[in-house]
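First the structure, in the form of structure tokens, and then the observations on it.
Atom set for the values below is all heavy atoms of this structure, side chains included, hydrogens, waters and symmetry mates excluded. Bear in mind the structure is a predicted one, so any value in this text is a computation, not a measurement. Below, chains carry the letters A, B, ... as their sequence lines are ordered, and counting in each starts from 1.
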Number of protein chains: 2
Amino acid sequence: MKLFLSTYNYKIDKKGRISLPASFRSCISEKKSTEIILFKSFKYKVIEGCSYSRIENISKRIEQLDIFSDEQDDFLTSIFSELQYVKLDSEGRFTIPDDLKEYANINNEVTFIGLGHSFQLSEPKFAIQRQNESRSRNLEQKRTLKTNLSKNKNEYSD
Amino acid sequence: MKLFLSTYNYKIDKKGRISLPASFRSCISEKKSTEIILFKSFKYKVIEGCSYSRIENISKRIEQLDIFSDEQDDFLTSIFSELQYVKLDSEGRFTIPDDLKEYANINNEVTFIGLGHSFQLSEPKFAIQRQNESRSRNLEQKRTLKTNLSKNKNEYSD
DNA sequence: TGGGAATTTATGGGCGTCAATGGGAAATTT
DNA sequence: AAATTTCCCATTGACGCCCATAAATTCCCA
């Protein structure tokens with residue numbers, strides 16, 4: 001599976017439809033999938049999205065690995081119950097469910113943010129704010145970043 | 001994987017296209033890849049580039065961080081959302097996204113600088129300036145060159 | 001080893017396709 | 001029937017694909 005990358009700004013049309021960025025479509029189209037999964041981010045007032053296969057993987061990890069405390073498990077369970085299937089039309093567009101739209105303060109415009117195996121949908125101004133925040137937090141903690149990135153260097157050929 | 005080496009000066013044509021140096025193409029063509037990844041350098045007003053497989057490796061490292069930790073979250077947001085897929089045409093050319101062009105003050109001409117596992121795209125005059133600076137810094141620190149090489153390796157690995 | 005042939009590279013331009021967006025008509029629902 | 005959803009078609013600008021060419025590079029063979 002290709003990774004969800006980059007940032008896109010799209011408009012919601014009068015009928016409430018919005019295009020999933022073409023590069024995102026190719027991230028979920030292994031079996032010409034016409035569905036995505038959307039849910040409320042538990043951290044921020046944004047919508048989280050991913051492919052169905054991602055949900056399957058997370059589910060397996062929770063079952064097999066015992067690394068989650070009861071508390072976290074409950075947390076995850078509550079997230080799963082909020083997952084929604086969302087269909088894409090023949091042009092690759094979809095409609096954001098009302099409750100999610102409200103949760104993320106989304107009106108006419110949406111910013112898609114790629115996060116590797118998932119993506120976020122958010123109100124454009126809030127998206128910029130979040131990107132700035134995480135960038136500056138990363139810069140402040142530069143040393144942690146370097147250590148982590150170079151630690152496993154030898155495992156990879158490039 | 002072959003390393004990105006050397007320096008090249010290429011022109012942007014009327015349609016906004018520019019050739020990826022042939023030697024760079026052979027660095028990403030493991031599976032006849034026709035995509036590169038571009039993003040704003042964290043350090044300078046230049047564009048950074050690499051192969052997709054390099055991003056996959058970084059992704060794997062980030063995945064090893066705790067799920068839902070602020071650390072992982074900030075990495076995902078600040079790194080992946082800033083990366084852009086850029087396709088090469090059948091002649092090995094690509095178009096530099098407008099926001100990156102603006103960030104690096106690029107107009108008609110571009111200097112490619114090989115950096116081993118990645119490369120940089122910059123405004124030609126700025127490229128010369130940067131090369132002079134780093135050359136003189138290296139001369140000043142001649143005695144500690146060996147030590148610095150291993151240290152710098154990590155700095156440039158992202 | 002030299003020098004011409006074949007290939008590759010950097011660059012140019014035409015044109016068809018696709019992406020993002022808009023809107024109407026048919027199908028479904030209440 | 002009114003409202004919502006699904007399917008189909010339209011538009012515009014950007015981009016991919018194709019073909020072309022001149023310069024540079026590599027290859028080959030005498």
Exercise for the section: Indicate, with a heavy-atom threshold strictly under 4.0 Å, whether Asp13(A) touches base, sugar-phosphate, or nothing. Expected result: sugar-phosphate

Ignoring hydrogens and angles, are the base of [N] and the side chain of [X] linked by a donor-acceptor pair under 3.5 Å?
X	N	result
Lys11(B)	dG12(C)	no
Glu91(B)	dC17(D)	no
Arg93(A)	dG22(C)	yes

Practice task
Specify the closest pair of heavy atoms between Leu3(A) and Tyr52(B), including all atoms of both residues, with the distance to one decimal.
Solution key: N-OH, 2.9 Å

Separation of atom [atom1] in [X] from atom [atom2] in [N], rounded to whole Å:
X	N	atom1	atom2	answer
Tyr8(B)	dT11(C)	OH	P	13 Å
Phe94(B)	dC17(D)	CZ	P	16 Å
Phe24(B)	dT9(C)	CZ	P	14 Å
Asp89(A)	dG22(C)	CG	C1'	12 Å
Ile12(A)	dG22(C)	CD1	P	11 Å
Leu20(B)	dT8(C)	CG	C1'	15 Å
Lys15(A)	dA3(D)	NZ	P	15 Å
Asn108(A)	dA20(C)	CG	C1'	16 Å

Practice task
Applying ring pair (Phe, Tyr, Trp, His ring centres under 6.0 Å) between Tyr8(B) and each of Phe119(B), Phe112(B), Phe24(B), report the one that passes.
Solution key: Phe24(B)

Practice task
Establish, with yes or no, whether the OP1 or OP2 oxygen of dG23(C) is under 4.0 angstrom from a side-chain nitrogen or oxygen of Lys14(A).
Solution key: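 For dG23(C), OP1/OP2 do have a side-chain N/O of Lys14(A) under 4.0 Å.
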
Practice task
May I ask you to evaluate whether Arg17(A) reaches the phosphate of dC7(D), defined as a side-chain N or O under 4.0 Å from OP1 or OP2?
Solution key: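 Answer no for this pair, as no side-chain N or O of Arg17(A) is under 4.0 Å from OP1 or OP2.
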
Problem - Side-chain donor-acceptor contact under 3.5 Å, Ser78(B) with Glu82(B) - result: no

Problem - No-hydrogen, no-angle side-chain donor-acceptor test under 3.5 Å, Arg54(A) and Asn57(A) - result: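 No, no side-chain donor-acceptor contact under 3.5 Å.
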
Problem - side chain to side chain donor-acceptor pair (under 3.5 Å) between Gln120(A) and Ser41(A), intermediate numbers included - result: CA-CA 8 Å; Gln120(A) 281 179 356; Ser41(A) 158; 4.8 Å; no

